[in-house]
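The residues of the chain are indexed from 1 along the displayed sequence.
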Amino acid sequence: MKAVRFAAYGGPDVLDLAEVPEPHAGPGQIRVTVRAAGVNPHDWRSREGQFQRIRPIELPSGVGQDASGVVDEVGEGVTDVAVGDLVLGRGSNTYAELAVLTSWAPLPAGLTFAEAAGYPSVVETALRVIRLVGVQTGQTLLVSGAAGGVGSAVLQIARERGIKVIGTASPANQDYVRSLGAIATPYGEGWVDRVRQLGQIDAALDLNGTGVIRGLLDLTGDPSRVITIADLEAPMLGIRFAGVGGNMKEALAETVALISQGKLHIPVEKSYPLAEASAAHADSQAGHTRGRRVLLV
(Lines give C-alpha, C1' and ligand atoms only; values in the text may rest on other atoms or scores of the structure.)
Protein backbone atom coordinates (compact mmCIF):
# COMPACT_ATOMS: atom_id res chain seq x y z
CA MET A 1 0.00 0.00 0.00
CA LYS A 2 1.03 3.64 -0.34
CA ALA A 3 1.85 5.70 2.73
CA VAL A 4 3.62 8.97 3.51
CA ARG A 5 6.93 8.42 5.33
CA PHE A 6 10.03 10.31 6.41
CA ALA A 7 13.49 8.78 6.86
CA ALA A 8 15.13 11.80 8.54
CA TYR A 9 13.94 14.75 10.60
CA GLY A 10 13.59 17.97 8.67
CA GLY A 11 11.31 20.24 6.67
CA PRO A 12 8.27 19.28 4.58
CA ASP A 13 10.52 18.04 1.78
CA VAL A 14 11.57 14.98 3.83
CA LEU A 15 8.08 13.52 3.33
CA ASP A 16 7.85 10.85 0.67
CA LEU A 17 5.04 8.67 -0.69
CA ALA A 18 6.28 5.09 -0.59
CA GLU A 19 5.13 1.48 -0.87
CA VAL A 20 5.03 -0.09 2.61
CA PRO A 21 3.65 -3.31 4.15
CA GLU A 22 -0.01 -3.25 5.17
CA PRO A 23 -0.69 -2.83 8.90
CA HIS A 24 -3.15 -5.11 10.70
CA ALA A 25 -5.52 -4.57 13.58
CA GLY A 26 -4.37 -5.98 16.90
CA PRO A 27 -6.59 -6.72 19.92
CA GLY A 28 -8.88 -3.79 20.66
CA GLN A 29 -8.06 -2.10 17.35
CA ILE A 30 -9.62 -1.69 13.93
CA ARG A 31 -8.16 -1.13 10.49
CA VAL A 32 -9.75 1.28 8.04
CA THR A 33 -9.51 1.99 4.37
CA VAL A 34 -8.58 5.64 4.79
CA ARG A 35 -10.68 8.17 2.90
CA ALA A 36 -9.20 11.26 4.54
CA ALA A 37 -6.54 12.10 7.12
CA GLY A 38 -6.39 15.20 9.31
CA VAL A 39 -3.27 17.39 9.17
CA ASN A 40 -2.32 18.47 12.69
CA PRO A 41 0.56 20.58 14.05
CA HIS A 42 1.60 17.49 16.01
CA ASP A 43 2.35 15.80 12.67
CA TRP A 44 4.87 18.38 11.46
CA ARG A 45 6.34 18.91 14.93
CA SER A 46 7.04 15.18 15.01
CA ARG A 47 8.51 15.32 11.50
CA GLU A 48 10.85 18.11 12.64
CA GLY A 49 12.00 16.04 15.62
CA GLN A 50 10.61 18.40 18.25
CA PHE A 51 9.54 15.47 20.44
CA GLN A 52 12.56 13.22 19.99
CA ARG A 53 13.92 13.91 23.49
CA ILE A 54 10.69 12.97 25.23
CA ARG A 55 9.17 10.54 22.74
CA PRO A 56 11.76 9.19 20.29
CA ILE A 57 10.52 7.39 17.20
CA GLU A 58 12.18 4.84 14.95
CA LEU A 59 12.97 6.07 11.45
CA PRO A 60 11.74 5.73 8.79
CA SER A 61 8.38 6.62 10.27
CA GLY A 62 4.84 7.11 9.07
CA VAL A 63 2.85 10.27 9.76
CA GLY A 64 -0.59 11.17 11.04
CA GLN A 65 -3.00 10.41 13.88
CA ASP A 66 -6.50 11.28 12.63
CA ALA A 67 -8.52 9.61 9.91
CA SER A 68 -11.95 8.81 8.58
CA GLY A 69 -12.77 5.81 6.48
CA VAL A 70 -14.38 2.41 6.11
CA VAL A 71 -13.69 -0.43 8.55
CA ASP A 72 -12.06 -3.33 6.72
CA GLU A 73 -10.54 -5.33 9.60
CA VAL A 74 -11.63 -5.78 13.23
CA GLY A 75 -9.26 -6.84 15.98
CA GLU A 76 -9.93 -9.34 18.75
CA GLY A 77 -12.35 -8.09 21.37
CA VAL A 78 -13.89 -5.32 19.26
CA THR A 79 -17.67 -5.62 19.23
CA ASP A 80 -19.01 -2.11 18.54
CA VAL A 81 -18.15 -1.93 14.81
CA ALA A 82 -18.12 -4.30 11.84
CA VAL A 83 -16.42 -4.44 8.48
CA GLY A 84 -18.04 -1.88 6.20
CA ASP A 85 -18.94 0.63 8.93
CA LEU A 86 -18.03 4.28 8.40
CA VAL A 87 -15.95 5.80 11.21
CA LEU A 88 -13.71 8.64 12.30
CA GLY A 89 -10.97 8.20 14.86
CA ARG A 90 -7.38 8.34 15.95
CA GLY A 91 -4.56 5.88 15.53
CA SER A 92 -1.13 6.02 13.93
CA ASN A 93 0.40 6.51 10.50
CA THR A 94 -2.91 7.68 9.04
CA TYR A 95 -1.37 9.36 5.97
CA ALA A 96 -1.86 6.07 4.16
CA GLU A 97 -4.27 3.93 2.19
CA LEU A 98 -4.80 1.69 5.23
CA ALA A 99 -4.40 2.65 8.90
CA VAL A 100 -4.98 1.12 12.31
CA LEU A 101 -7.15 3.08 14.73
CA THR A 102 -7.13 2.70 18.51
CA SER A 103 -10.14 4.98 19.13
CA TRP A 104 -13.14 5.54 16.87
CA ALA A 105 -16.76 6.59 16.62
CA PRO A 106 -19.45 6.26 13.95
CA LEU A 107 -19.42 8.88 11.21
CA PRO A 108 -22.23 11.37 11.95
CA ALA A 109 -24.96 11.59 9.32
CA GLY A 110 -24.34 14.28 6.73
CA LEU A 111 -20.62 14.62 7.48
CA THR A 112 -18.19 14.05 4.61
CA PHE A 113 -15.05 11.97 5.08
CA ALA A 114 -12.95 15.12 4.59
CA GLU A 115 -14.83 16.99 7.31
CA ALA A 116 -14.77 14.02 9.68
CA ALA A 117 -11.00 13.59 9.47
CA GLY A 118 -10.57 17.09 10.85
CA TYR A 119 -12.27 16.46 14.19
CA PRO A 120 -10.68 13.75 16.41
CA SER A 121 -7.48 15.25 17.84
CA VAL A 122 -8.58 18.88 17.73
CA VAL A 123 -11.83 18.33 19.62
CA GLU A 124 -10.16 16.06 22.17
CA THR A 125 -7.58 18.78 22.72
CA ALA A 126 -10.24 21.49 22.98
CA LEU A 127 -12.25 19.57 25.56
CA ARG A 128 -9.12 18.78 27.57
CA VAL A 129 -7.63 22.28 27.70
CA ILE A 130 -10.95 23.88 28.64
CA ARG A 131 -11.15 21.43 31.54
CA LEU A 132 -7.51 21.87 32.59
CA VAL A 133 -7.57 25.67 32.59
CA GLY A 134 -10.56 25.58 34.92
CA VAL A 135 -12.71 28.25 33.26
CA GLN A 136 -16.33 28.26 34.40
CA THR A 137 -19.70 29.46 33.13
CA GLY A 138 -19.88 33.26 33.23
CA GLN A 139 -16.09 33.72 33.18
CA THR A 140 -13.96 35.06 30.33
CA LEU A 141 -11.51 32.89 28.39
CA LEU A 142 -8.83 34.35 26.12
CA VAL A 143 -7.86 32.14 23.18
CA SER A 144 -4.67 32.94 21.28
CA GLY A 145 -4.85 31.36 17.83
CA ALA A 146 -8.64 31.21 17.77
CA ALA A 147 -9.24 30.52 14.07
CA GLY A 148 -7.42 27.19 13.69
CA GLY A 149 -8.86 23.73 14.26
CA VAL A 150 -8.49 23.60 18.04
CA GLY A 151 -9.48 27.24 18.35
CA SER A 152 -12.62 26.69 16.28
CA ALA A 153 -13.62 23.83 18.59
CA VAL A 154 -12.77 25.73 21.79
CA LEU A 155 -14.85 28.74 20.76
CA GLN A 156 -17.94 26.65 20.02
CA ILE A 157 -17.67 24.38 23.06
CA ALA A 158 -17.05 27.35 25.38
CA ARG A 159 -20.02 29.22 23.89
CA GLU A 160 -22.22 26.17 24.54
CA ARG A 161 -21.08 26.17 28.19
CA GLY A 162 -21.85 29.84 28.75
CA ILE A 163 -18.22 30.99 28.77
CA LYS A 164 -17.38 34.39 27.27
CA VAL A 165 -14.51 34.07 24.79
CA ILE A 166 -12.09 36.63 23.40
CA GLY A 167 -10.16 35.25 20.44
CA THR A 168 -7.01 36.60 18.81
CA ALA A 169 -6.52 35.87 15.12
CA SER A 170 -5.17 37.41 11.94
CA PRO A 171 -7.02 40.41 10.49
CA ALA A 172 -8.39 38.18 7.73
CA ASN A 173 -9.99 35.83 10.27
CA GLN A 174 -11.76 38.39 12.49
CA ASP A 175 -15.21 37.80 10.98
CA TYR A 176 -14.74 34.03 11.20
CA VAL A 177 -13.91 34.22 14.92
CA ARG A 178 -16.98 36.41 15.50
CA SER A 179 -19.13 33.91 13.61
CA LEU A 180 -18.22 31.31 16.24
CA GLY A 181 -19.53 33.49 19.04
CA ALA A 182 -16.31 35.10 20.26
CA ILE A 183 -15.13 38.69 20.58
CA ALA A 184 -12.37 38.99 17.98
CA THR A 185 -9.21 41.06 18.17
CA PRO A 186 -6.12 40.96 15.95
CA TYR A 187 -2.78 39.76 17.24
CA GLY A 188 0.42 41.66 16.56
CA GLU A 189 1.91 44.73 18.20
CA GLY A 190 -0.28 46.09 20.99
CA TRP A 191 -2.42 42.97 21.33
CA VAL A 192 -2.10 42.81 25.12
CA ASP A 193 -3.45 46.35 25.51
CA ARG A 194 -6.26 45.64 23.06
CA VAL A 195 -7.32 42.59 25.05
CA ARG A 196 -7.05 44.41 28.39
CA GLN A 197 -9.50 47.03 27.13
CA LEU A 198 -12.05 44.27 26.55
CA GLY A 199 -12.25 43.36 30.24
CA GLN A 200 -10.89 40.99 32.87
CA ILE A 201 -9.39 37.71 31.68
CA ASP A 202 -10.07 34.73 33.95
CA ALA A 203 -8.11 32.13 31.96
CA ALA A 204 -6.11 31.90 28.73
CA LEU A 205 -5.10 29.33 26.12
CA ASP A 206 -2.09 29.47 23.80
CA LEU A 207 -2.93 27.35 20.78
CA ASN A 208 -0.21 28.31 18.31
CA GLY A 209 3.02 29.00 20.22
CA THR A 210 3.87 32.36 18.69
CA GLY A 211 5.59 33.92 21.69
CA VAL A 212 2.46 35.12 23.49
CA ILE A 213 2.99 33.32 26.80
CA ARG A 214 4.32 36.30 28.77
CA GLY A 215 1.41 38.41 27.54
CA LEU A 216 -1.11 35.77 28.59
CA LEU A 217 0.55 35.54 32.00
CA ASP A 218 0.40 39.32 32.35
CA LEU A 219 -3.32 39.36 31.51
CA THR A 220 -4.31 36.54 33.87
CA GLY A 221 -1.79 37.25 36.64
CA ASP A 222 -1.52 33.54 37.46
CA PRO A 223 0.43 30.81 35.61
CA SER A 224 -2.10 28.20 36.73
CA ARG A 225 -4.73 30.04 34.66
CA VAL A 226 -2.79 29.64 31.42
CA ILE A 227 -2.42 26.48 29.30
CA THR A 228 -0.34 26.04 26.15
CA ILE A 229 -0.43 23.24 23.60
CA ALA A 230 2.34 24.70 21.46
CA ASP A 231 5.09 26.44 23.48
CA LEU A 232 7.57 23.89 24.80
CA GLU A 233 9.41 26.59 26.79
CA ALA A 234 6.31 27.71 28.76
CA PRO A 235 6.94 25.37 31.74
CA MET A 236 9.97 27.52 32.61
CA LEU A 237 7.43 30.22 33.53
CA GLY A 238 5.32 27.79 35.54
CA ILE A 239 2.78 27.38 32.75
CA ARG A 240 1.49 23.92 31.92
CA PHE A 241 2.18 22.37 28.52
CA ALA A 242 -0.74 20.14 27.60
CA GLY A 243 -0.03 18.99 24.07
CA VAL A 244 -1.07 15.36 24.47
CA GLY A 245 -3.26 13.19 26.68
CA GLY A 246 -6.91 12.70 27.51
CA ASN A 247 -9.53 10.02 26.95
CA MET A 248 -10.01 9.80 23.20
CA LYS A 249 -12.99 7.42 23.33
CA GLU A 250 -14.94 9.82 25.56
CA ALA A 251 -13.89 12.80 23.46
CA LEU A 252 -15.04 11.16 20.23
CA ALA A 253 -18.41 10.31 21.77
CA GLU A 254 -18.87 13.94 22.81
CA THR A 255 -17.66 15.11 19.40
CA VAL A 256 -20.26 13.03 17.58
CA ALA A 257 -22.98 14.24 19.97
CA LEU A 258 -22.10 17.90 19.44
CA ILE A 259 -21.97 17.50 15.65
CA SER A 260 -25.26 15.60 15.56
CA GLN A 261 -26.93 18.31 17.67
CA GLY A 262 -25.67 21.04 15.31
CA LYS A 263 -23.51 22.58 18.04
CA LEU A 264 -20.11 22.01 16.45
CA HIS A 265 -18.87 22.56 12.92
CA ILE A 266 -15.24 22.91 11.84
CA PRO A 267 -14.82 23.81 8.16
CA VAL A 268 -12.18 22.30 5.90
CA GLU A 269 -10.13 25.20 4.58
CA LYS A 270 -8.22 23.09 2.06
CA SER A 271 -7.81 19.46 1.06
CA TYR A 272 -4.79 17.89 -0.64
CA PRO A 273 -4.10 14.57 -2.36
CA LEU A 274 -1.95 12.17 -0.36
CA ALA A 275 1.02 12.82 -2.65
CA GLU A 276 0.98 16.49 -1.62
CA ALA A 277 1.45 15.94 2.12
CA SER A 278 4.55 18.13 2.04
CA ALA A 279 2.50 21.06 0.73
CA ALA A 280 -0.13 20.47 3.43
CA HIS A 281 2.58 20.57 6.10
CA ALA A 282 4.11 23.73 4.68
CA ASP A 283 0.74 25.46 4.64
CA SER A 284 -0.10 24.27 8.16
CA GLN A 285 3.19 25.58 9.49
CA ALA A 286 2.64 28.94 7.81
CA GLY A 287 -0.41 29.46 10.04
CA HIS A 288 -3.48 31.66 9.49
CA THR A 289 -5.57 28.53 8.98
CA ARG A 290 -9.34 28.91 9.20
CA GLY A 291 -10.59 25.51 10.36
CA ARG A 292 -8.81 22.40 9.10
CA ARG A 293 -6.51 21.03 6.42
CA VAL A 294 -6.91 17.39 5.36
CA LEU A 295 -5.42 14.85 2.99
CA LEU A 296 -7.73 12.92 0.66
CA VAL A 297 -6.81 9.30 0.02
Side-chain angles (χ1 to χ4, degrees), residues 1-69 72-73 75 87-104 113 117-122 124-125 148-150 208-209 229-232 241-246 248 252 271-287 289 292-297:
M1 70 164 192
K2 288 183 172 60
V4 175
R5 310 271 283 176
F6 63 99
Y9 294 119
D13 60 323
V14 302
L15 297 177
D16 182 47
L17 189 62
E19 286 287 341
V20 301
E22 295 183 2
H24 292 282
Q29 301 175 337
I30 63 173
R31 189 178 76 173
V32 297
T33 300
V34 178
R35 296 293 182 84
V39 176
N40 296 307
H42 176 278
D43 303 341
W44 50 260
R45 292 180 190 278
S46 178
R47 185 210 71 225
E48 288 186 334
Q50 292 188 23
F51 306 127
Q52 59 181 309
R53 287 186 301 172
I54 56 175
R55 197 166 59 252
I57 59 177
E58 182 178 344
L59 298 176
S61 172
V63 194
Q65 296 180 301
D66 294 347
S68 62
D72 87 327
E73 190 175 274
V87 297
L88 70 161
R90 185 162 74 179
S92 59
N93 304 332
T94 57
Y95 292 15
E97 293 176 328
L98 296 168
V100 171
L101 303 183
T102 52
S103 301
W104 57 87
F113 284 115
Y119 283 90
S121 288
V122 299
E124 186 281 319
T125 300
V150 177
N208 55 13
I229 64 169
D231 191 331
L232 296 173
F241 176 83
V244 294
M248 195 65 195
L252 284 170
S271 58
Y272 308 75
L274 192 61
E276 295 181 13
S278 58
H281 274 211
D283 289 347
S284 177
Q285 287 184 251
T289 299
R292 303 290 287 120
R293 298 180 187 274
V294 300
L295 297 172
L296 301 180
V297 182

Is any side-chain heavy atom of F51 less than 4.5 Å from a side-chain heavy atom of H42?
yes
Once salt bridge (charged side-chain N to carboxylate O under 4.0 Å, His left out) is applied, do any residues pair with D72, and if so which ones, sequence neighbours excluded?
R31
Test item: side-chain donor near acceptor, R293 and Y272, under 3.5 Å
yes
Would you please name every residue forming a salt bridge (charged side-chain N to carboxylate O under 4.0 Å, His left out) with R5, sequence neighbours left out?
none
Are any of the side-chain heavy atoms of I57 and Y9 separated by less than 4.5 Å?
yes
Roughly how far apart are E48 CD and Q285 CD, rounded to 0.5 Å?
4.5 Å
If I take atom CZ from residue F113 and atom OG1 from residue T33, how far apart are they, to the nearest 0.5 angstrom?
9.5 Å
Working to the nearest 0.5 Å, report the span between CG of L232 and CD of Q50.
6.0 Å
Taking salt bridge (charged side-chain N to carboxylate O under 4.0 Å, His left out) as the definition, give me every residue that meets it alongside E19, ordered by chain and number, with sequence neighbours left out.
K2
Closest heavy-atom pair, P23 versus V100, reported as atoms and distance to 0.1 Å, is CB-CG2, 3.8 Å
Roughly how far, to the nearest 0.5 Å, is OG of S284 from CG of D43?
8.0 Å
Answer yes or no: is there a side-chain heavy-atom contact under 4.5 Å between L98 and V34?
no
Ignoring hydrogens and geometry, is there a side-chain-to-backbone donor-acceptor pair from S68 to G89 under 3.5 Å?
no
Distance-only polar pair, side chains of E73 and Q29, donor-acceptor under 3.5 Å:
no
Do D13 and S278 come within less than 4.5 Å of each other through their side chains, counting heavy atoms only?
no
Which heavy atom of T94 sits nearest a heavy atom of G64, and at what distance?
OG1-C, 3.0 Å
Rounded distance (nearest 0.5 Å) linking atom CZ of F6 with atom CG of D16
12.0 Å
Evaluation steps, side chain to side chain contact (heavy atoms under 4.5 Å, CB included), between R35 and V297:
CA-CA 5 Å; R35 296 293 182 84; V297 182; 5.9 Å; no
How about D66 and S121: does a side-chain donor come under 3.5 Å of a side-chain acceptor?
yes
Specify the closest pair of heavy atoms between R292 and V39, including all atoms of both residues, with the distance to one decimal.
NH1-O, 2.9 Å
Please tell me whether N40 and R45 have a donor and an acceptor in their side chains that are separated by less than 3.5 angstrom.
no
Do Y119 and L88 come close enough that some side-chain heavy atom pair is under 4.5 Å?
yes
Close side-chain approach of V4 and L274, heavy atoms under 4.5 Å
yes
With rounding to the nearest 0.5 Å, note down the distance linking OG in S61 to CG in N93.
5.5 Å
Evaluate side chain to side chain donor-acceptor pair (under 3.5 Å) for Y95 paired with H281, printing each intermediate quantity in order.
CA-CA 12 Å; Y95 292 15; H281 274 211; 3.1 Å; yes
G75 versus A25, closest heavy-atom pair with distance:
N-CB, 3.9 Å
Residues A3 and V20: closest non-hydrogen pair is CB-CG2, 3.7 Å
Determine yes or no for a side-chain-to-main-chain donor-acceptor pair under 3.5 angstrom, with S271 supplying the side chain and L295 the backbone.
no
Would V87 and L101 satisfy side chain to side chain contact (heavy atoms under 4.5 Å, CB included), going step by step from the backbone distance to the final call?
CA-CA 10 Å; V87 297; L101 303 183; 4.2 Å; yes
